[in-house]
Amino acid sequence: MKLRILGIESSCDDTSVALIEGTENSVHVVKEATRSQINIHKLYGGVVPEVAAREHADVIVPLIKKMWSKKLKPDAIAVTAGPGLITSLMIGVHAGRTLSALTHTPLISINHLEGHIYSNWLAAHTKRIEFPALCLVVSGGHTELILMRCHLQYKKLGATRDDAAGEAFDKIAKLIGFEYPGGPKISLCAQWGNPATIAFPRPMIDSDDFDFSFSGLKTAALYYVRAHAEIMDKKNTTARANFCASFEKAIVDVVVAKTIRAAQQYKVKTVLLCGGVAANNLLRSELKKMVSLHVPTSVFRFPTAAHCMDNAAMIATAGYFKFRARQFTTWQKMKVDPEWEL
Ligand code: KG4
Ligand code: ZN
């Protein structure tokens, strides 16, 4: 049976609305539109919650109008209800509730992380992703390893004890003068560098759990910059590239090592990568290589770069599976939960 789902995402600094169609075999995007607020927040060096909420409020109605048509009326509306910035979440949730009340369309609450996970099902043959699956979620706010034995069931194996991987990228990028969000800029600069130049620590790489910690690495990078003035010299492209490459490799080594160990321990059939940092080319290529070397019975998958970032198509895709499982609610019952744990 074909189902059409409208997705709404506004948990941080991207307003996104998408219409997807799902069948037994595949899920595909009919149309989608995302408004990024990066150009506004980079003036402040990071996301300012009140500014983000005002921007969401300005653009969400025009975006919904663009995605909505009587001919393609959705069967359900899927909205990110948490985790995220409460003021940002409220804009998307209230838009979804209003639309649901006026059009008598069921509402589906989506956890932002489950949205990221389901970005892997976008444009994929839905039956090709086999369980058990291990998901490495790496974003600006989260670094988690999640085991899925079947659709919509999540067991958290480990998570970061301090900063998320994306947060560590952004903070170190800011320190050396890159604009927010710095992750992609570090990655770009790292392309010309030698990752073996600086021996940064690989925190918790050998710990026998699946948790992460990036604050020690961040401090080591901070001390290194303080002791080596050339890193702050934008003309010294070699020193900066070597620094970025060494820092990026330290993060990638840790997340890849832990993912491989979890994949082996739980004998998963699929390894999924998602979240903003999943757009990182080194992470994609290293994980791909290590899965084929050390867990050859597993298939490695990752979303397109555009669907690694916050987007409503992934929220609608998670909504498609929840709606099929009859997990939906009404506008009266839908609540925002900024701390929602998967
Ligand atoms: O998932 P996302 O769009 O938002 C959150 O849910 O947090 O992730 C944004 C994060 C930012 O920290 C950004 O710097 C990071 O993803 N990021 C990257 C790359 N592209 C985005 N980090 C490293 N390398 C990249 N290529
Ligand atoms: Zn996200």
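Note that ligands are numbered from 1 as they come in the structure, with each ligand's atoms numbered from 1 the same way. In what follows, every heavy atom counts, from backbone to side chain, and hydrogens, waters and symmetry copies are set aside. This is a predicted model, so every value here is computed, not measured.
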Between the side chains of [X] and [Y], does any donor sit under 3.5 Å from an acceptor?
{"X": "His56", "Y": "Thr15", "answer": "yes"}
{"X": "Lys333", "Y": "Ser109", "answer": "no"}
{"X": "Thr80", "Y": "Glu9", "answer": "yes"}
{"X": "Ser213", "Y": "Asp162", "answer": "yes"}
{"X": "Glu179", "Y": "His41", "answer": "no"}

Under 4.0 Å from ligand 1, counting heavy atoms only, is it the side chain of His142, its backbone, both or neither?
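Under 4.0 Å from ligand 1, His142 contributes no heavy atoms.
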Tell me which part of Asp310 gets within contact of ligand 1: side chain, backbone, both or neither, using heavy atoms under 4.0 Å.
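For Asp310, the contact with ligand 1 is made by both the backbone and the side chain.
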Please state which option from Gly183, Ala305, Ser187 has its nearest heavy atom closest to atom 18 (C) of ligand 1.
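Minimum heavy-atom distance to atom 18 (C) of ligand 1 goes to Gly183.
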Using ring centroids (six-membered ring only for Trp), state whether [Y] and [X] fall under 6.0 Å.
{"X": "Trp121", "Y": "His151", "value": "yes"}
{"X": "Phe200", "Y": "Phe243", "value": "yes"}
{"X": "Phe321", "Y": "Phe323", "value": "no"}

Heavy-atom contact under 4.0 Å between His116 and ligand 1?
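True for this residue.
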Among the heavy atoms of Gly141, does any lie under 4.0 Å from an atom of ligand 1?
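Distance cut 4.0 Å: Gly141 passes for ligand 1.
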Look only at interatomic distance and state if [X] has a nitrogen or oxygen under 3.5 Å from any nitrogen or oxygen of ligand 1.
{"X": "Glu167", "value": "no"}
{"X": "Asp14", "value": "no"}
{"X": "Gly166", "value": "yes"}
{"X": "Gly275", "value": "no"}
{"X": "Gly140", "value": "yes"}
{"X": "Gly276", "value": "yes"}

When you measure from atom 26 (N) of ligand 1 to every protein heavy atom, which one gives the shortest distance, and what is it?
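Residue, atom and distance for the closest contact: Asn280 CA, 3.5 Å.
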Please report which non-hydrogen protein atom sits nearest to atom 14 (O) of ligand 1, along with the residue it belongs to and the distance in Å to one decimal place.
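Looking only at protein heavy atoms, the one closest to atom 14 (O) of ligand 1 is Asp170 OD1, 2.6 Å.
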Angular separation of His116 NE2 and His112 NE2 about the Zn ion (ligand 2), given to 10°
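With the Zn ion (ligand 2) as the vertex, NE2 (His116) and NE2 (His112) sit 90° apart.
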Sort out for me which residue in Ile315, Ile108, Leu107, Val336 forms a side-chain contact (heavy atoms from CB on, under 4.5 Å) with Val79.
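Exactly one candidate clears the test, Leu107.
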Do Arg4's NZ or CZ and the ring of Tyr320 fall within the cation-pi criteria of under 6.0 Å and 45°?
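No, Arg4 does not lie over the aromatic ring of Tyr320.
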What is the name of the N/O/S atom in Asp310 that sits closest to the Zn ion (ligand 2)?
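Among the N, O or S atoms of Asp310, the one closest to the Zn ion (ligand 2) is OD1.
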